[in-house]
Amino acid sequence: MNTFRTLRNCVNRERKICRAKYYEAKFSHLRECKPSVWWKEVKKLSGMSPASETRDDTCKLLQHLGFSPGDLANYINSAFLTPMQSFEPLTHNPFDPPLINNESHAVNTISEFSTFMKLSALNPSKAQGPDGIPVWVLKENADLLAGPVSVILNSSFHESRLPPSWKEADVVPVPKQRPINDINKHLRPISVTPILSKLAEDHIVEKYVKPAVLQSIDPRQFGSIPKSSTTHALVNMTHNWLVNTDGNGSTARVVLLDLPDLWKYVDDTSCSEIVIKGSVSKRQEAVDDLSRQASIDGF
């Protein structure tokens, strides 16, 4: 027994020494690194490849469709433009004189300091737009470019027009799933627009769109609301059920409808109903009717 304890203690001491050496060699220097670098090292040690290495080329994922690279690009472009067929293009002549806003309807001007703060807060890791201006150039030279950029933005608002280069975008097809069997359903277009156009859009959203939306939005809306999340929605929903069913023998029947294929046209819907003990649930009857009809139709 004494021999076992002696050997066990020796093994434990060696194990602790090995762990300390391994930590010093692999992890100790990561305390002063960025979290992204730390996680990159953790993924390497755990056998997980970085996202940049596991991201497959879209062309390779679509090789089984038998298109040449040129035909494939045209086919994807046509698929992405299909939803826009119902819209009429805007008729605009770039040589027409600019439409000057009246002072009563003019958009508030952007100060040079506000532009400087926006440029300084840019993320240099973001992709550049089709204008070819890298994000790091705007960020690192924010003090020099804040004045000219603010003049450009204010001129655009004052003349009620956008520069043609701001309307261009690099559209990248990103797979929703693998394998890709249907280009219309399994590819998502991601548009990369110029940074300056994003700054102009951000100003309009913060100054006008967001206050108007927050003022008229339903108080039970939690998605896309500052300082709220889906957790708040779940807490509010559960609280409503408990308040209305506490101590009265009632039950809560909940119907959650998820329509993933129709997300562009119909919002996901959830409804709840407080049912008094001994009464009939109207929503349950509707669900039963829908289920019976689905069975008749063969769904």
With rounding to the nearest 0.5 Å, note down the distance linking [atom1] in [X] to [atom2] in [Y].
{"X": "L196", "Y": "K118", "atom1": "CG", "atom2": "NZ", "answer": "13.5 Å"}
{"X": "F116", "Y": "S111", "atom1": "CZ", "atom2": "OG", "answer": "11.5 Å"}
{"X": "N244", "Y": "H239", "atom1": "CG", "atom2": "NE2", "answer": "9.0 Å"}
{"X": "D131", "Y": "I195", "atom1": "CG", "atom2": "CD1", "answer": "7.5 Å"}
{"X": "M117", "Y": "L122", "atom1": "CE", "atom2": "CG", "answer": "11.5 Å"}
{"X": "T193", "Y": "K167", "atom1": "OG1", "atom2": "NZ", "answer": "14.0 Å"}

Heavy-atom neighbours of [X] [atom1] exceed 12 at 6.0 Å:
{"X": "F113", "atom1": "CZ", "value": "no"}
{"X": "E206", "atom1": "CD", "value": "yes"}
{"X": "R8", "atom1": "CZ", "value": "yes"}
{"X": "R19", "atom1": "CZ", "value": "no"}

So, for [X] and [Y], which heavy atoms are closest and what is the spacing to 0.1 Å?
{"X": "L162", "Y": "S156", "answer": "CD2-OG, 3.6 Å"}
{"X": "L144", "Y": "P148", "answer": "O-CD, 3.5 Å"}
{"X": "P134", "Y": "G132", "answer": "CD-O, 3.2 Å"}
{"X": "D170", "Y": "G129", "answer": "OD2-C, 3.9 Å"}
{"X": "F157", "Y": "H203", "answer": "CE1-CD2, 3.6 Å"}
{"X": "V135", "Y": "P124", "answer": "CG1-CA, 4.0 Å"}

With a 4.5 Å cut-off on side-chain heavy atoms, are [Y] and [X] touching?
{"X": "W166", "Y": "I152", "result": "yes"}
{"X": "V209", "Y": "I204", "result": "yes"}
{"X": "I110", "Y": "V149", "result": "no"}

| L214 vs I225, side chain to side chain contact (heavy atoms under 4.5 Å, CB included): CA-CA, chis, key distance, verdict | CA-CA 8 Å; L214 294 179; I225 301 299; 3.7 Å; yes
| With distance as the sole criterion, is a donor-acceptor pair present between the side chains of H232 and S229 under 3.5 Å? | yes
| I217 with Y208, same ILVMFWY side-chain cluster at under 4.5 Å |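 I217 clusters together with Y208.
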| With respect to P194, which candidate in S165, P130, P163 satisfies the side chain to side chain contact (heavy atoms under 4.5 Å, CB included) definition? | P130
| Going through the checks in order, is the side chain to side chain contact (heavy atoms under 4.5 Å, CB included) test met by L119 and D143? | CA-CA 9 Å; L119 293 175; D143 54 340; over 6 Å; no
| request: Could you tell me whether a side-chain N or O of N141 sits under 3.5 Å from a main-chain N or O of V137, the two making a donor and an acceptor? | output: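 Answer holds: yes.
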| message | Pair T251, T245 - check side chain to side chain contact (heavy atoms under 4.5 Å, CB included), show working. | response | CA-CA 6 Å; T251 58; T245 59; 5.8 Å; no
